[in-house]
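Residues: numbered from 1 along the sequence shown. We count ligands from 1, going down the list as the structure has it; atoms in each ligand are counted the same way.
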Amino acid sequence: MSELTLVIGNKTYSSWSLRPWLAMKQFGLEFQEIRIPLYTPEAGSQLSQYSPSRKVPVLLHGNQKIWDSLAICEYLAEEFPHFNWWPEDKTARTIARCISAEMHSGFQKLRQNMPMNCRAKLLGKGMALGVQKDIDRIATIWRDCREKFGIDGDMLFGQFTIADAMFAPVVLRFVTYNVQLDHISKNYVEAILAIPALQEWITAGKAEQEVISAYEF
Ligand SMILES: N[C@@H](CCC(=O)N[C@@H](CS)C(=O)NCC(=O)O)C(=O)O
């Protein structure tokens with residue numbers, strides 16, 4: 001079997017990179033990692049070496065290049081079907097796909113105003129017009145999933161699935177900006193933070209030296 005290589009950006013800032021990285025770690029896949037510090041003079045040529053979209057993350061597997069965080073997770077789910085990447089129950093799986101797609105394509109106000117920065121504590125910053133609406137919708141998704149499907153664990157659908165990987169960067173944003181949440185959402189944040197691989201990512205992010213000023217206040 002070909003080796004897996006995941007090309008990612010800075011761990012401090014690259015929310016899209018975190019998703020497949022965390023999913024691969026959680027399901028115990030071995031992979032090599034290539035980290036490209038973004039927005040440096042060399043980044044463009046390094047990105048185009050690996051990525052048709054010139055963006056990270058990209059998964060390299062044999063001759064195949066898979067770009068886009070959700071496409072990578074779907075590819076892995078097909079390639080390694082013996083893991084429960086999605087919930088087993090069809091209704092739960094459908095919802096998991098809907099909320100993953102909603103996360104992938106939405107929440108622009110939150111993304112623009114509260115960029116991921118797992119090194120910083122930016123309490124109270126970023127609360128621009130429209131951000132609270134995004135936060136409220138995310139909390140509703142989390143509450144609904146936890147209440148309806150979360151009985152056999154701490155994750156959205158009980159056990160860890162791609163949906164949790166998709167929302168993990170939001171968890172880090174909520175911590176950085178000290179976003180106030182209901183108790184179910186707070187417990188979910190704590191459960192995601194307790195994942196050892198996520199702590200590994202944060203520790204590596206904190207050790208990075210690069211600063212991208214657009215993602216700092
Ligand atoms: N929809 C893509 C978005 C990827 C994306 O925007 N990646 C950012 C880093 S988090 C990037 O590579 N930026 C580099 C650039 O735009 O030069 C995904 O889910 O993978």
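At a cut-off of 3.5 Å, with distance as the only test, no side-chain donor of Glu208 or Asn10 sits close to an acceptor on the other residue. Donor-acceptor pairing under 3.5 Å is lacking for the side chains of Arg143 and Tyr188.
The aromatic rings of Phe83 and Trp85 lie perpendicular to each other, with more than 60° between the two planes, well past the 30° mark.
Taking a cutoff of 4.0 Å between a charged side-chain nitrogen and a carboxylate oxygen, Glu74 and Arg97 qualify as a salt bridge.
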Full working for side-chain contact (heavy atoms from CB on, under 4.5 Å) between Glu33 and Lys11: CA-CA 12 Å; Glu33 192 178 300; Lys11 287 186 173 160; 2.8 Å; yes
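Which of His104, Lys55, Arg19 comes nearest to atom 6 (O) of ligand 1 through a heavy atom is settled by distance: it is Lys55.
Of the heavy atoms in Val56, both backbone and side-chain atoms come closer than 4.0 Å to ligand 1. By the criterion of a heavy-atom distance under 4.0 Å, neither the backbone nor the side chain of Tyr13 is placed next to ligand 1.
Between Ser17 and ligand 1 there is no heavy-atom distance shorter than 4.0 Å.
Taking distance alone, with nitrogen or oxygen atoms compared against 3.5 Å, Ser69 approaches ligand 1 more closely than that limit.
Between Tyr13 and Val211 the shortest side-chain heavy-atom distance falls below 4.5 Å.
Checked against Cys145 for a side-chain contact (heavy atoms from CB on, under 4.5 Å), the options Thr140, Asp164, Ile95 give a single hit: Ile95.
Considering only non-hydrogen protein atoms, atom 10 (S) of ligand 1 sits nearest to Trp16 CD1, 2.8 Å. The nearest heavy-atom contact from the protein to atom 2 (C) of ligand 1 is Asp68 OD2, 3.5 Å. Residue, atom and distance of the protein heavy atom nearest to atom 9 (C) of ligand 1 are Leu38 CD1, 3.5 Å. Nearest non-hydrogen protein atom to atom 13 (N) of ligand 1 is Tyr39 OH, 3.6 Å.
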